[in-house]
Amino acid sequence: MGKRLLAVHITEAFNGGIITHLEWAARSLPARGIDLHCIVSTNRSCTAEERAEQLANLGARVSIADMVRSPSPLRDIKAYGEIKKLLAHIAPDIVHTHSAKAGFLGRRAAYELGLKCVHTPHVFPFEWAKGI
């Protein structure tokens, strides 16, 4: 068997459908030769620590980055530094970011480290506009 690959998923939202997606990835990727590491924020979900433990029990490694949903320049700079440091240490083969905040911070860090990255938007802000 060849070299195992390492994928890192980064998400600020750690609830709803993203949990299902990450659990699926934790269950199915290892059999395909891909190990999983998740960088998540626990700020928006009261069950985030339980979810992180569930992912760890499925074999994924989990790291926490202090991301918040709303724009917050000081916290965003701090979270960016945390993500970049984690990515440099983890040295993944691919980074997969989810939604706006993690997408912005994670893609920028991946780019600066020369890492391959894909992004899934999940929701577009204009969908919340009145009348749509």
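Only a predicted model underlies this, so the values are computations on that prediction, with no experimental measurement involved. If you read the sequence from its start, that first residue is 1, and numbering goes on from there.
- Partners of Arg61 under the salt bridge (Lys or Arg N to Asp or Glu O under 4.0 Å) rule, at least two apart in sequence or in another chain, do not exist in this structure.
- Other residues sharing a hydrophobic cluster with Leu58 under the 4.5 Å side-chain heavy-atom criterion for ILVMFWY residues do not exist; the residue is a singleton.
- The same ILVMFWY cluster, assembled from side-chain heavy atoms under 4.5 Å apart, contains both Leu55 and Ile18.
- The hydrophobic cluster containing Met67, built from Ile/Leu/Val/Met/Phe/Trp/Tyr side-chain heavy atoms closer than 4.5 Å, also comprises Leu6, Val8, Ile10, Ile39, Tyr80, Ile83, Leu86, Leu87, Ile90, Val95, Phe104, Leu105, Leu113, Leu115.
- With sequence neighbours left out, the side-chain hydrogen bond (donor to acceptor under 3.5 Å, both in side chains) criterion links Ser41 to Asn43.
- Under the rule for a side-chain hydrogen bond (donor to acceptor under 3.5 Å, both in side chains), the partners of His9 that lie at least two apart in sequence or sit in another chain are His98.
- Salt-bridge annotation for Glu112 and Lys84: present, with a side-chain N of the basic residue lying under 4.0 Å from a carboxylate O of the acidic one.
- By the salt bridge (Lys or Arg N to Asp or Glu O under 4.0 Å) test, Glu49 pairs with no residue at all, sequence neighbours left out.
- Looking only at distances, a side-chain donor or acceptor of Arg107 sits under 3.5 Å from a matching main-chain atom of Gly103.
- Using a 4.5 Å cut-off between side-chain heavy atoms of Ile, Leu, Val, Met, Phe, Trp and Tyr, Tyr111 forms no hydrophobic cluster with any other residue.
- Applying the side-chain hydrogen bond (donor to acceptor under 3.5 Å, both in side chains) criterion to Thr97, with sequence neighbours excluded, gives His119.
- Applying the side-chain hydrogen bond (donor to acceptor under 3.5 Å, both in side chains) test to Ser63 and every residue at least two apart in sequence or in another chain returns His37.
- Note that CD of Glu53 is 12.0 Å distant from OG1 of Thr47, once rounded to the nearest 0.5 Å.
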All N/O donor-acceptor pairs, side-chain side in residues 20-31, below 3.5 Å, sequence neighbours left out:
unit_1	atom_1	unit_2	atom_2	d
Ser28	OG	Trp24	O	2.8

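- The stretch residues 91-102 participates, sequence neighbours left out, in these salt bridge (Lys or Arg N to Asp or Glu O under 4.0 Å) pairs: Lys3-Asp93, Asp76-Lys101.
- Using a distance-only test at 3.5 Å, with no hydrogens or angles considered, no donor-acceptor pair links the side chain of Ser72 to the main chain of Leu74.
- Here the closest non-hydrogen pair linking Asp35 and Arg4 is OD1-NH2, 3.0 Å.
- By the side-chain contact (heavy atoms from CB on, under 4.5 Å) test, Lys78 pairs with Asp66, Glu82, sequence neighbours left out.
- A heavy-atom distance below 4.5 Å is not found between the side chains of Phe14 and Arg44.
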